[in-house]
Amino acid sequence: MRKICLFGATGSIGKSCVDIVSQFPQQFGFATISAHSNIDALFELAQSQRPQTAVFSGDADFNAWERKFRTIGVEFLHGTGALEEAAARDDYDVLVNAIVGAAGLKSTLAAIKNSKTIALANKETLVAAGELVMGAAKENDAPIIPIDSEHSALWQCLVGENMEEVERLILTASGGPFREKPKSFFRDVTVEQALNHPNWDMGAKITIDSATLMNKGLEVIEAYWLFGLKLDQISVVIHPQSIIHSMVEFVDSSIKAQIGLPDMRVPIQYALTYPQRLPNNLPRLNFAEFNNLTFFEPDTVTFRCLQLAFDALAEGGTSPAVLNAANEEAVWAFLNKKIGFDQIPLLIEDALENHSNHRTVTLENVLSSDAWARKFVSEKQ
Ligand code: NDP
Ligand code: MG
């Protein structure tokens, strides 16, 4: 049985991972689960999944909860460093990191140093510190398998292929709920409108990122680090139906696509069973229901965030860390109704322009740039 350490168990990806693990009780079980604000949900999950350990990284009445977890025979870890402590243990085989934001970086690095397999949903880790993370993964022999649907699609298309024969990666994007709207529309967008994604049911932060197209920008950076190609070998196409999850074009002009219904349980399961596949009962695609798959060029003028991500990656150093942290702050500010939807790209651009880039990417530089960008954006609101 493969033992899983699942960080971010109470979120959208976390719940889908629990669903998959429950379908394969012979193959998978939980060593650890974690949450950050929802301790009741963590306890409920601990009751149903019976991991050895439950980690709570936020604030709570720890003594009372410690007693409660003891009654169900689950160890309770909490406080700063608890995620890293759990990631450094030897009681699991694969870390599924489904934490949202750069908050997932340190625990991913701890699992990498522990030479564990990483099934990565937490794309912000690669955006903020791709060079560090991939370097550490190589050094410690820790495979990083993507959960993000586009990257899982690329990963699947690349099985058995030679990277030197890849011409380009084509990331598909749904375009989000405002795909056909003019820029002038963005000033009055409400939180409720932005949270209403046409194809995917996801956590709040990534749903806003999908509406601004920053999600695709973060995914370009994620793909750059995962697959080790040049920036000009990564392109984006808008595909509103989200049936083709991404494509690889080869030097002989042949293109491979990975296709299926939009359901994150598919890439989660693949990341857990790779290089094998296991039969499941997930809904199947009926081609007759999708007789109109369409494709468009992304509009990087209207959706400025996508362009900012390409620019930050080209700039290199700590620019992607600033892009990511400024975006996180701006998105939470929008969700808390402190700023308008149209201010998100403006604040990120302002942070990128005012940041003094560290060319050498160390963990200290990434963390200080991240902290600087958060402060910069919060002071501008
Ligand atoms: P959610 O907001 O639904 O869940 C986030 C999880 O992380 C929760 O378990 C939350 O705990 C925990 N968490 C939040 N903040 C912190 C923190 N500071 N430290 C530690 N844990 C924290 O997000 P999603 O599941 O949607 O997304 C998770 C990651 O997966 C993101 O990086 C996202 O980009 C990526 N992803 C998501 C997809 C999706 O379909 N949802 C698709 C592809 C990628 P609590 O609930 O207790 O607050
Ligand atoms: Mg994605």
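Worth knowing before you read on, the calculation uses all heavy atoms, side chains too, and leaves out hydrogens, waters and symmetry mates. Note that ligands are numbered from 1 as they come in the structure, with each ligand's atoms numbered from 1 the same way.
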*Between Ser12 and ligand 1, does any nitrogen or oxygen pair lie at a separation below 3.5 Å?*
yes
_ligand 1 N/O within reach of Ala103 N/O, cut-off under 3.5 Å_ = no
_Any nitrogen or oxygen of Ile206 lying under 3.5 Å from a nitrogen or oxygen in ligand 1? Just yes or no._
no
*asked:* My understanding is that only one of Phe310, Phe186, Phe185 makes a ring-ring contact (aromatic ring centres under 6.0 Å, His included) with Phe303; could you say which?
replied: Phe186
*Counting heavy atoms only, which part of Ala98 comes closer than 4.0 Å to ligand 1: side chain, backbone, both or neither?*
backbone
*asked:* For the Mg ion (ligand 2), give me the closest N/O/S atom belonging to Glu150, just the atom name.
replied: OE1
*Of all the atoms in ligand 1, which lie at a distance below 4.0 Å from a heavy atom belonging to Ser37?*
45 (P), 47 (O), 48 (O)
*Between Arg70 and Glu66, is the closest basic N to carboxylate O distance under 4.0 Å?*
no
*asked:* With a 3.5 Å distance limit and no angle check, can you tell me whether Asn215 reaches the backbone of Ser210 through a side-chain donor-acceptor pair?
replied: no
*Between CG of Asp311 and CD of Glu349, what distance do you get to the nearest 0.5 Å?*
8.0 Å
_Contacting atoms of ligand 1, where contact means under 4.0 angstrom from a heavy atom of Glu124_ = 31 (C), 32 (O), 34 (O)
*Can you tell me which residue and heavy atom of the protein come closest to atom 26 (O) of ligand 1, and the distance to 0.1 Å?*
Gly203 N, 2.8 Å
*asked:* Show me which atoms of ligand 1 lie under 4.0 Å from any heavy atom of Ala9.
replied: 9 (O)
_With the threshold set at under 4.0 angstrom, would you say Lys205 reaches ligand 1 through any of its heavy atoms?_
no
_Test your reading of the structure: does Ile13 have an N or O sitting under 3.5 Å from an N or O of ligand 1?_
yes
*Considering only N, O or S atoms, which atom of Asp148 is nearest to the Mg ion (ligand 2)?*
OD1
*Should the pair Arg187-Asp342 be classified as a salt bridge under the 4.0 Å nitrogen-to-oxygen rule?*
no
*Has ligand 1 got any nitrogen or oxygen that is less than 3.5 angstrom from a nitrogen or oxygen of Thr10?*
yes
*Any side-chain heavy-atom pair from Asn357 and His355 closer than 4.5 angstrom?*
yes
*With a 4.0 Å heavy-atom cut-off (strictly under), which part of Met264 contacts ligand 1: side chain, backbone, both or neither?*
side chain
*Any atoms of ligand 1 less than 4.0 Å from a non-hydrogen atom of Gly11? List them with their elements.*
1 (P), 3 (O), 4 (O), 8 (C), 9 (O), 25 (O)
*What do you reckon, does Trp200 have a nitrogen or oxygen under 3.5 Å from a nitrogen or oxygen of ligand 1?*
no
